[in-house]
Amino acid sequence: MTALASFVCAYIFGLGLFISGMIRPAKVLGFLDIFGIPSGTWDPSLAVVMAAGLAVTGIGYALARRRPPLFDKQGRWPTATAIDRPLLLGAALFGIGWGLVGLCPGPAIANLATLSPGVIVFVIAMALGMLAHDLWQSRSTGLSKRKLASATAADG
Amino acid sequence: MANFTPVSAAIGGVLIGLSAVLLMLFTGRIAGVSGIFDGLLSPHGDDRGWRAAFIVGLIAAPLSAALAGYAMPLPQMPKSFITIAVAGLLVGFGTRLGSGCTSGHGICGIARLSPRSIAATGVFMISAMIVVALTRHVVGG
């Protein structure tokens, strides 16, 4: 049941990316190109997607906090609070890659549906980047900390 | 702002938010795509089923839209596969080092009013905007 629910949620997510146009790198880059503001070609659509998504998620999460999830004992809410160097450095590196192509992980994976060779290369490289990080982290921190890190990993 | 599509953007945003809320209500998980995908790659993951189902669902959505007759153009990608590969590596490494991406930090994290996610989203937005400014308007054009 968990897998089925997960599939349905991801399907809705993918439809959201498709309908909003955020699945298209050109549209994302149209938002990220701030020189488009003075020249009149700027596309603020991504900001609208985020605003609408945040409104729904903000209200929905507030309700979801009050009860345990249907298929698990408790919600796995992230617990980390420190704004530390890995967070900021990681975000900066991610932004560089995002700006180079206009793809972040969700739209990149959804675009696998097109069988575009460029997208396939991007997703393989993304997977290798993640594996490189996980390998580097496990070597530098050791097993116990690695388990701790993977348990709390992630805000998302 | 000829390319601005506020209505479809709002509908799409609502669907993305709905997806994040439903995933939490059903499975208790944060809808962070980079984290879900990374967990699928890691050798010591014990919860691959729902992660794989999420990835399949993400691909199935545009596929079914295309099969239903909606236009699904090939994404415009840089010509250089080296650029694509470098960008992919940076996105993969960066999202894990920073514990999240546009969905996990940008939507789910900010919706929780997490200071970490607000900071991360600010940083990756600015970093991406600088890169686009450089690649489109300084180098090459």
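Labels below follow one simple rule: chain letters A, B, ... track the order of the sequence lines, proteins then strands, and each chain is numbered from 1. Just so it is clear, the values below take in all heavy atoms, side chains as well, and ignore hydrogens, waters and symmetry mates. In this text, all values refer to a predicted model and were calculated from it rather than measured experimentally.
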For the candidates [options], which exhibits the highest count of non-hydrogen atom pairs separated by less than 4.5 Å from chain A?
| options | answer |
| --- | --- |
| B/Gly88, B/Gly12, B/Pro73 | B/Gly88 |
| B/Gly122, B/Gly98, B/Pro115, B/Ala10 | B/Gly98 |
| B/Leu74, B/Thr121, B/Ile118, B/Ile107 | B/Ile107 |
| B/Ala52, B/Gly106, B/Ala2 | B/Gly106 |
| B/Ala65, B/Ala133, B/Cys108, B/Pro6 | B/Cys108 |
| B/Leu40, B/Val123, B/Ile126, B/Asp38 | B/Asp38 |

Just give me the residue among [options] that pairs up with chain B most often, heavy atom to heavy atom, under 4.5 Å.
| options | value |
| --- | --- |
| A/Ala132, A/Ala52, A/Ala91 | A/Ala91 |
| A/Val49, A/Leu115, A/Asn111 | A/Val49 |
| A/Ile19, A/Val8, A/Leu4 | A/Ile19 |
| A/Val123, A/Leu29, A/Leu88 | A/Leu29 |
| A/Leu100, A/Ile59, A/Leu17 | A/Leu100 |
| A/Val101, A/Leu103, A/Leu135 | A/Val101 |

Under 4.5 Å from a heavy atom of chain B, the part of [X] involved:
| X | result |
| --- | --- |
| A/Phe18 | side chain |
| A/Leu46 | side chain |
| A/Ala51 | neither |
| A/Thr2 | both |
| A/Pro107 | neither |
| A/Ile34 | side chain |
| A/Ile37 | neither |
| A/Thr41 | backbone |

Can the ring centroids of B/Phe93 and A/Trp136 be said to lie less than 6.0 angstrom from one another?
yes
Worksheet item: Do B/Phe4 and A/Trp42 have ring centres separated by under 6.0 Å?
Response: no
So the salt bridge (charged side-chain N to carboxylate O under 4.0 Å, His left out) pairs with at least one residue in residues 61-74 of chain A (sequence neighbours excluded) are A/Asp72-A/Arg76
Connected via hydrophobic side-chain network under 4.5 Å: [X] and [Y]:
| X | Y | result |
| --- | --- | --- |
| B/Leu90 | B/Leu97 | yes |
| A/Val119 | A/Ile124 | yes |
| B/Val131 | A/Phe122 | yes |
| B/Leu113 | B/Ile16 | no |

Cut-off 4.5 Å, heavy atoms of chain A, and the answer for B/Ser117 is side chain
If one checks every heavy atom of B/Pro75 against chain A at 4.5 Å, the contacting part turns out to be both
Quick one: side chains of residues 21-32 of chain B, donor-acceptor pairs under 3.5 Å with protein atoms, not counting sequence neighbours, listed by atom name and distance.
unit_1: B/Thr27; atom_1: OG1; unit_2: B/Leu23; atom_2: O; d: 2.7
unit_1: B/Thr27; atom_1: OG1; unit_2: B/Arg29; atom_2: N; d: 3.3
unit_1: B/Arg29; atom_1: NH2; unit_2: B/Asp47; atom_2: OD2; d: 2.9

Can you tell me if [X] uses its side chain to pair, donor with acceptor, with the backbone of [Y] under 3.5 Å?
| X | Y | result |
| --- | --- | --- |
| A/Ser20 | A/Gly16 | yes |
| B/Ser127 | A/Ile96 | yes |
| B/Arg116 | B/Ser99 | no |
| A/Ser45 | B/Thr5 | yes |

**Item:** Sidechain N-carboxylate O distance under 4.0 Å for A/Asp134, B/Arg96
**Value:** no
